[in-house]
Amino acid sequence: AGEFEDLFGNLFSSIFGGAFGGGSARGRAGVQRGHDLRVRYAMTLEEAFEGKDIELKIKRHEPCEDCKATGCKAGTHPSTCLQCGGQGQVRVSQGFFSMISTCPACSGKGKVISNPCETCNGTGLAERKAGISVTVPRGVADGTQLRLTGEGDSGPKGTARGDLYIVIQIKEHEFFVRRDDDLYCEVPISFAQAALGAEIAVPTIDSTTKLRIPAGSQTHQVIRLRNQGMSRSSSRPDHRGDQYVQVIVFTPKELTDRQKELLREFAESEGEDLREDKRSLFSKFRDRMEEVKKDWLG
């Protein structure tokens with residue numbers, strides 16, 4: 001019965017050992033690595049447009065210098081775990097089944113530290129500051145994660161480092177709103193510019209450019225400036241999105257007597273009556289629709 005139990009237990013462990021903390025200590029050590037780290041870096045929209053070389057100061061775990069990464073106090077050494085005999089595994093019997101499990105006393109290491117290093121508390125790793133240099137590419141988007149392989153925490157006992165992820169946050173801009181590689185903005189124009197047309201200077205993300213306002217433009221009308229948006233490629237600075245300008249017709253709050261006179265003349269030439277109209281709103285609307293109908297039918 002004992003041989004059958006050992007045979008069945010070993011077969012069960014080989015199939016399901018990973019799910020129950022089994023597997024060899026060497027196999028587990030082979031996949032061990034340091035923790036990944038994640039930091040955030042905030043930058044302006046202009047910096048995102050140009051790209052930027054940045055220097056970061058991060059805190060990460062490095063091999064402890066005081067104990068040479070052993071985790072032991074100076075002059076002491078790890079001892080063999082008494083519970084597993086240095087195997088890192090123990091056999092657990094549950095009724096008919098016998099399973100191999102990670103030793104709870106040494107966490108599968110096979111060794112225990114009786115006198116831990118005071119600097120790293122027996123982990124073999126101590127927190128240190130490190131300087132990291134990284135190039136943020138042109139046109140980077142908000143929320144982009146830049147991965148630096150092997151720049152995270154050191155792994156236990158010389159195993160591989162984790163990775164460092166830099167999450168880019170783009171600050172809100174006072175003038176532009178970004179959508180993918182395109183930029184949107186609002187520009188105020190006067191009534192005369194909207195009615196007669198004009199050419200005005202408008203800001204772009206890296207300069208200024210001329211914008212032609214077509215005659216008869218309406219407020220909230222959108223005009224497209226090709227190739228004036230965000231960078232689309234780090235290798236091609238001229239490869240850009242577009243800029244969309246929404247014109248807002250500005251109505252002055254104060255007018256001179258001459259300006260008022262000119263506007264009244266303009267209103268009269270358009271057949272508008274600026275005097276107070278005491279008819280109901282429905283009556284005004286009905287009369288206006290009749291005028292439109294007559295004009296339509298000729």
Side-chain angles (χ1 to χ4, degrees), residues 31-63 125-156 159-189 199-213 220-248:
V31 298
Q32 282 184 334
R33 58 193 291 269
H35 293 109
D36 292 338
L37 300 178
R38 182 173 277 99
V39 297
R40 299 184 182 275
Y41 183 80
M43 59 194 311
T44 65
L45 190 64
E46 287 83 359
E47 290 173 333
F49 170 80
E50 291 287 351
K52 186 179 181 182
D53 293 329
I54 62 176
E55 297 286 336
L56 296 176
K57 295 292 184 181
I58 65 170
K59 290 182 179 181
R60 65 184 182 188
H61 287 96
E62 305 278 3
L125 299 172
E127 190 175 75
R128 296 283 187 272
K129 287 185 178 180
I132 302 293
S133 299
V134 61
T135 297
V136 179
R138 293 172 61 92
V140 65
D142 184 57
T144 297
Q145 292 192 104
L146 305 179
R147 178 185 178 187
L148 276 66
T149 304
E151 293 292 352
D153 278 342
S154 291
T159 54
R161 284 185 177 276
D163 298 332
L164 172 65
Y165 291 88
I166 302 173
V167 183
I168 301 298
Q169 291 182 317
I170 308 299
K171 298 177 183 178
E172 184 177 347
H173 199 275
E174 61 180 358
F175 185 67
F176 292 110
V177 173
R178 180 180 182 178
R179 296 175 186 167
D180 297 325
D181 296 320
D182 297 327
L183 295 175
Y184 293 77
C185 64
E186 293 182 351
V187 172
I189 60 174
E199 188 175 78
I200 63 173
V202 297
T204 62
I205 189 63
D206 61 336
S207 183
T208 59
T209 191
K210 294 292 186 180
L211 176 68
R212 190 181 68 85
I213 308 295
H220 299 303
Q221 183 171 328
V222 176
I223 303 173
R224 177 179 171 182
L225 290 171
R226 295 182 181 273
N227 207 42
Q228 293 295 329
M230 294 294 291
S231 303
R232 284 179 172 162
S233 171
S234 295
S235 59
R236 291 187 54 188
D238 60 331
H239 194 202
R240 299 169 58 172
D242 298 327
Q243 180 175 330
Y244 292 88
V245 180
Q246 186 178 63
V247 296
I248 306 296

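By convention here, the first residue in the shown sequence is residue 1.
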Treating [X] as the side-chain partner and [Y] as the backbone partner, does any N or O pair qualify as donor plus acceptor under 3.5 Å?
{"X": "D142", "Y": "I170", "answer": "yes"}
{"X": "D153", "Y": "H61", "answer": "yes"}
{"X": "R161", "Y": "G152", "answer": "yes"}
{"X": "T144", "Y": "A141", "answer": "yes"}
{"X": "D36", "Y": "L164", "answer": "no"}

Determine the minimum heavy-atom distance between [X] and [Y], stating which atoms define it.
{"X": "K59", "Y": "L37", "value": "O-CD1, 3.8 Å"}
{"X": "V140", "Y": "V136", "value": "CG1-CG1, 3.5 Å"}
{"X": "A42", "Y": "K171", "value": "CB-CE, 4.0 Å"}
{"X": "I223", "Y": "R212", "value": "CD1-O, 3.8 Å"}

(Q) Just so I know, are the side chains of H220 and I248 near enough to count as touching, which here means a heavy-atom distance under 4.5 Å? (A)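 SC-SC contact between H220 and I248 confirmed.
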Q | Any side-chain heavy-atom pair of V177 and Y244 under 4.5 Å | A |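 Not touching, per the 4.5 Å side-chain cut-off.
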Atom [atom1] of [X] and atom [atom2] of [Y]: how far apart are they, to the nearest 0.5 Å?
{"X": "L183", "Y": "F176", "atom1": "CG", "atom2": "CZ", "value": "6.0 Å"}
{"X": "L211", "Y": "I189", "atom1": "CG", "atom2": "CD1", "value": "8.5 Å"}
{"X": "D206", "Y": "E46", "atom1": "CG", "atom2": "CD", "value": "9.5 Å"}
{"X": "R40", "Y": "I166", "atom1": "CZ", "atom2": "CD1", "value": "12.5 Å"}
{"X": "Q145", "Y": "D163", "atom1": "CD", "atom2": "CG", "value": "11.5 Å"}

Q | Derivation of the side-chain contact (heavy atoms from CB on, under 4.5 Å) call for L45 and M230 | A | CA-CA 9 Å; L45 190 64; M230 294 294 291; 4.0 Å; yes
Q: Step by step, work out the side-chain contact (heavy atoms from CB on, under 4.5 Å) result for K57 and K129.
A: CA-CA 7 Å; K57 295 292 184 181; K129 287 185 178 180; 5.8 Å; no
(Q) V202 vs L225, test: side-chain contact (heavy atoms from CB on, under 4.5 Å). Steps then yes/no. (A) CA-CA 10 Å; V202 297; L225 290 171; 3.9 Å; yes
Q.
Applying side-chain hydrogen bond (donor to acceptor under 3.5 Å, both in side chains), can you list everything that pairs with R60, at least two apart in sequence or on another chain?
A.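 Partners of R60 by the side-chain hydrogen bond (donor to acceptor under 3.5 Å, both in side chains) criterion, ordered by chain and then number, come out as E62, E151.
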Q) Just wondering, are more than 12 heavy atoms of other shown residues or ligands nearer than 6.0 Å to NE2 in H173? A)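 It does: H173 NE2 has more than 12 such atoms within range.
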Q. Is the number of heavy atoms from other residues, nucleotides or ligands within 6.0 Å of CD (E172) greater than 12?
A.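 Atom CD in E172 is not packed in, count stays at 12 or less.
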Q | Verdict with reasoning, I54 to L56, per side-chain contact (heavy atoms from CB on, under 4.5 Å) | A | CA-CA 6 Å; I54 62 176; L56 296 176; 4.2 Å; yes
Q.
Would R138 pass as a cation-pi partner of F49, given that its NZ or CZ must be under 6.0 Å from the six-membered ring centre and within 45 degrees of the axis?
A.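 Yes - R138 lies over the ring of F49, closer than 6.0 Å to its centre and within 45° of its axis.
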**Q.** Stepwise side chain to side chain donor-acceptor pair (under 3.5 Å) check, S231 with R240
**A.** CA-CA 4 Å; S231 303; R240 299 169 58 172; 5.4 Å; no
Q: Scan residues 221-230 for pairs that pass side-chain hydrogen bond (donor to acceptor under 3.5 Å, both in side chains), counting only residues two or more places apart or in two chains.
A: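 Output for this query lists R224-D242.
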